[in-house]
There are 2 protein chains.
Amino acid sequence: MLEERRLKTRMSEPKIRNMEEFASVSGISRPTISKYFNDPTSVRATTRERIERALEQFDYQPNMYAINQNRRLTKNIGVIVPYLADPFFAEMARHMEDLVIAAGYRPVLLGSHGDADLEVENLNSLRLMKPAGVLLAPLGRGSDPERIAEFSQDVPTVLFDANLETIGEAFVGSNNQQSINLIVDYLCRTGEPPSFFEMRLPSNPNAFKRRQAYVAAMEALGHEPQLIQVDGDGWEFEAIGFREGSRVLEERSLPTDTVLCSNDRLAIGFLSAAYQKGMRVGLGDGCALRVAGHDDHPFSRYTCPTLTTVSQDYESIATKSAESLFEVIESGSAEKMREETLFDGKLVMRGSA
Amino acid sequence: MLEERRLKTRMSEPKIRNMEEFASVSGISRPTISKYFNDPTSVRATTRERIERALEQFDYQPNMYAINQNRRLTKNIGVIVPYLADPFFAEMARHMEDLVIAAGYRPVLLGSHGDADLEVENLNSLRLMKPAGVLLAPLGRGSDPERIAEFSQDVPTVLFDANLETIGEAFVGSNNQQSINLIVDYLCRTGEPPSFFEMRLPSNPNAFKRRQAYVAAMEALGHEPQLIQVDGDGWEFEAIGFREGSRVLEERSLPTDTVLCSNDRLAIGFLSAAYQKGMRVGLGDGCALRVAGHDDHPFSRYTCPTLTTVSQDYESIATKSAESLFEVIESGSAEKMREETLFDGKLVMRGSA
DNA sequence: TTTCAAAATTTACGCGCGTAAAAATTAAAT
DNA sequence: ATTTAATTTTTACGCGCGTAAATTTTGAAA
């Protein structure tokens with residue numbers, strides 16, 4: 001039974017079982033082989049060539065468990081996002097994986113499925129893995145800050161997307177202040193001032209910042225802020241945007257003809273609701289409504305109409321997060337100051353507002 | 001510097017360094033502790049209680065690298081999907097992670113980012129991890145079948161979503177024949193027979209099956225099949241659907257007023273194109289076009305209009321894949337017969353057709 | 001209380017690799 | 001050819017755990 005499987009493997013070259021064997025077939029001593037695998041440049045060029053020639057012939061790969069057993073920390077870097085099924089985080093994770101690989105580490109991707117317990121679970125799994133560091137986008141409101149703080153004291157951790165004050169070596173995110181200001185400004189300049197459509201109890205701390213920024217921006221422009229705070233839990237933002245958008249439109253309770261949604265996924269649901277109510281959304285004549293979002297979600301360019309929004313600078317956030325982490329790892333020490341970096345958003349003018 | 005980090009950790013209980021120490025503080029011998037961690041039910045109930053009480057007090061966790069070093073295979077199960085930023089695969093992966101955890105294994109999630117080299121890379125990474133098995137959704141056309149076949153001979157592998165003939169212990173996917181038949185039938189019954197909108201060189205083998213099924217279904221109903229094969233590479237299906245949909249609509253080259261898209265993501269792009277051309281999509285009076293998709297993609301209920309499509313049975317596919325893999329793993333032997341399981345789709349009637 | 005199988009303990013070895021120390025070799029500079 | 005620093009080799013130990021074998025203890029049934 002087990003034999004059966006084994007027989008299938010090709011037997012062209014005698015299988016190398018461990019570093020000892022590989023050392024003997026390659027004619028190099030084991031400690032030197034070991035040095036090579038830890039850093040190929042640490043051995044003489046001629047030696048490196050001999051090893052690499054042997055490597056082509058015998059395809060030996062060191063046992064990763066044996067390698068890491070005695071290391072205080074490994075070359076693994078954890079990447080944890082709150083919700084992998086959200087294309088925003090999927091994209092973010094993709095970027096980070098690339099950066100981590102490019103820096104010579106191995107990414108370990110974990111999604112928390114919107115569940116705080118799983119988030120802690122993921123942290124625990126990672127801890128066993130003795131990672132060199134972690135890039136963490138916390139759930140936000142649902143998160144267990146104590147457990148995360150605890151973890152971040154054992155493992156170099158850089159937070160991104162959602163800030164938990166004082167936790168981690170650094171935080172990298174979007175400048176919600178600036179980006180909301182940008183779009184509120186734009187909307188006020190081109191039509192009625194927007195009301196702000198959001199969840200009453202958002203799971204994401206950015207939502208709070210955006211609310212504040214909206215209120216401040218409106219007041220600065222001499223307008224009355226109008227918050228539309230709807231019920232809804234979890235991460236199914238489109239569903240909430242649709243359901244509550246439908247309700248609001250039905251009740252005709254919108255204070256103005258312009259709605260700024262706290263994020264694109266809510267806006268996608270809202271737009272769908274407006275469409276079904278037969279309301280024409282956009283900024284031309286004959287449009288009953290303007291809708292804007294926030295994030296430049298991958299799907300926002302395919303909504304009907306296409307969604308006017310503010311972009312988050314995916315790439316800068318991913319890059320800065322990764323680089324901050326590498327710095328902490330390579331300096332070996334905790335940063336003296338917890339650095340918070342915020343990237344500005346850009347206005348993305350499309351059809352909906 | 002390193003000390004600094006260490007000082008932060010709480011010192012309430014003296015830190016347990018290894019199983020030996022935990023054995024002594026818990027008053028149980030090390031071999032018994034070892035037995036417990038491999039299977040808590042394998043020790044006497046009273047012993048288990050004593051261990052668990054000690055566990056609460058000292059929070060020791062075995063070194064996973066030491067544990068796995070000598071195992072022929074671990075409790076890890078790899079889950080590889082071609083593209084994590086596609087919510088379909090993200091959802092699928094999420095389900096599978098849950099099932100894997102429930103079965104007492106540890107999922108290791110890997111995305112191939114639409115890149116065949118990375119797919120092989122992922123396989124290689126997994127091999128080092130000595131996983132008990134792998135759930136693999138291959139890229140399809142881009143995949144390197146030889147490398148995958150090789151891998152699947154060393155590691156129990158169950159394929160899902162995209163079939164590579166003869167590779168792996170089993171394949172689980174959708175019954176494209178049935179589902180395409182279903183929707184072609186529906187479309188013909190309720191209006192003009194559909195043309196089939198697809199990529200000329202689809203990356204996914206399902207696309208070929210769907211094309212064939214479309215042709216067969218049309219012929220069975222006495223209609224002329226009309227294939228609209230558009231250019232486009234990669235995994236940005238919405239962009240392709242939009243770009244080529246726009247072109248097709250501009251050229252007025254559609255043979256009928258009904259379009260069946262090979263998948264929902266193409267349809268999402270197509271719908272967006274139709275909207276921007278000012279064409280009303282749907283089945284009522286005054287609609288110029290009907291559009292249908294395939295997959296019941298998470299976003300298809302928020303398109304404008306909402307997308308009529310055929311659902312893939314996410315959950316059944318995930319469950320059956322996982323269970324097939326567990327069976328192979330636990331039986332310890334390769335299945336005598338490579339089983340192919342196809343789940344029927346269900347018609348999801350919404351606004352677009 | 002005796003009996004006895006089940007469970008735990010004691011003892012000991014091995015896994016694949018990192019790595020330290022001392023000796024030997026290499027290759028570049030004098 | 002000689003000196004010398006840089007590498008490699010030899011030798012040896014340790015890491016944390018799995019696990020086998022022999023022995024002792026446990027606890028339930030007789």
Side-chain angles (χ1 to χ4, degrees), chain A residues 2 14-55 58-76 104 106 127-132, chain B residues 2 14-55 58-76 104 106 127-132:
Chain A
L2 291 181
K15 193 73 182 173
I16 306 295
R17 309 168 56 89
N18 55 37
M19 199 178 275
E20 190 76 49
E21 278 192 23
F22 179 71
S24 71
V25 299
S26 66
I28 311 265
S29 72
R30 192 175 69 74
T32 302
I33 303 278
S34 175
K35 264 191 94 183
Y36 168 84
F37 277 110
N38 282 310
D39 177 8
T41 69
S42 69
V43 301
R44 204 185 293 150
T46 58
T47 311
R48 182 162 63 247
E49 276 168 33
R50 287 172 63 200
I51 294 176
E52 276 159 6
R53 250 183 296 135
L55 232 31
F58 297 98
D59 86 75
Y60 158 75
Q61 292 184 276
N63 179 320
M64 61 160 286
Y65 296 104
I67 288 177
N68 289 321
Q69 171 173 17
N70 299 319
R71 284 208 193 301
R72 201 177 62 80
L73 39 81
T74 67
K75 282 273 180 182
N76 296 324
R106 238 180 54 79
R127 203 196 297 266
L128 294 182
M129 229 173 266
K130 301 193 272 189
Chain B
L2 292 182
K15 193 72 182 174
I16 306 295
R17 310 168 56 87
N18 54 39
M19 198 179 275
E20 190 76 50
E21 278 191 24
F22 179 71
S24 71
V25 299
S26 66
I28 310 263
S29 72
R30 190 175 69 74
T32 302
I33 303 279
S34 175
K35 264 192 93 183
Y36 169 83
F37 276 109
N38 282 309
D39 178 8
T41 68
S42 68
V43 301
R44 205 186 291 147
T46 58
T47 311
R48 181 161 65 247
E49 276 168 33
R50 288 172 62 199
I51 294 176
E52 276 159 5
R53 251 184 294 133
L55 233 30
F58 296 98
D59 87 77
Y60 158 76
Q61 293 184 273
N63 180 321
M64 60 161 285
Y65 296 105
I67 288 176
N68 289 321
Q69 172 174 14
N70 300 318
R71 283 207 194 302
R72 201 177 62 79
L73 39 81
T74 67
K75 282 275 180 181
N76 296 323
R106 238 181 54 79
R127 203 197 296 266
L128 294 182
M129 230 173 264
K130 300 193 273 189

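Residue numbers start from 1 in every chain, and the chains themselves are labelled A, B, ... in the order their sequence lines are given, proteins ahead of strands. Remember, it's a predicted structure, so these values are computed and weren't measured experimentally.
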Task: Between CD on residue A:Q61 and CG on residue A:L55, distance to nearest 0.5 Å - done: 8.0 Å
- [ ] For A:T32, enumerate each residue passing the side chain to side chain donor-acceptor pair (under 3.5 Å) test, keeping only those at least two apart in sequence or located in another chain.
- [x] A:S29
TODO: With sequence neighbours excluded, tell me which residues meet side-chain contact (heavy atoms from CB on, under 4.5 Å) with A:R17.
DONE: A:E21
Open item on the list: So, using side-chain contact (heavy atoms from CB on, under 4.5 Å) as the criterion, who are the partners of A:R106 when residues are at least two apart?
Closed with: A:N76, A:V108, B:S125, B:M129
Open item on the list: So if I define the base as every atom that isn't primed, P, OP1 or OP2, how would nucleotides 10-21 of chain D read as a B/S/- string at a heavy-atom cutoff under 4.0 Å?
Closed with: BBB-BBBBBB--
Open item on the list: Under the rule for salt bridge (Lys or Arg N to Asp or Glu O under 4.0 Å), what residues qualify as partners of B:R71, not counting sequence neighbours?
Closed with: none
- [ ] Using side chain to side chain donor-acceptor pair (under 3.5 Å) as the criterion, list what pairs up with A:R50, not counting sequence neighbours.
- [x] none
Task: Qualifying residues under side-chain contact (heavy atoms from CB on, under 4.5 Å), relative to A:P40, sequence neighbours excluded - done: A:Y36, A:R48
Task: Pairs flagged by salt bridge (charged side-chain N to carboxylate O under 4.0 Å, His left out) wherever residues 25-42 of chain B is involved - sequence neighbours left out - done: B:E20-B:R30
TODO: Starting from the first five and the last five pairs of the helix from C:dT1-D:dA30 to C:dA29-D:dT2, work out the angle between the resulting helix axes, to 10 degrees.
DONE: 0°
Task: Contacting residues from residues 39-54 of chain B, given that a heavy atom lies under 4.0 angstrom of DNA chain C - done: B:V43, B:R44, B:T47
Open item on the list: Return the OG to CG distance between A:S24 and A:N18, rounded to the nearest 0.5 Å.
Closed with: 8.5 Å
TODO: Please name all residues satisfying side-chain contact (heavy atoms from CB on, under 4.5 Å) with A:E49, sequence neighbours left out, ordered by chain then number.
DONE: none
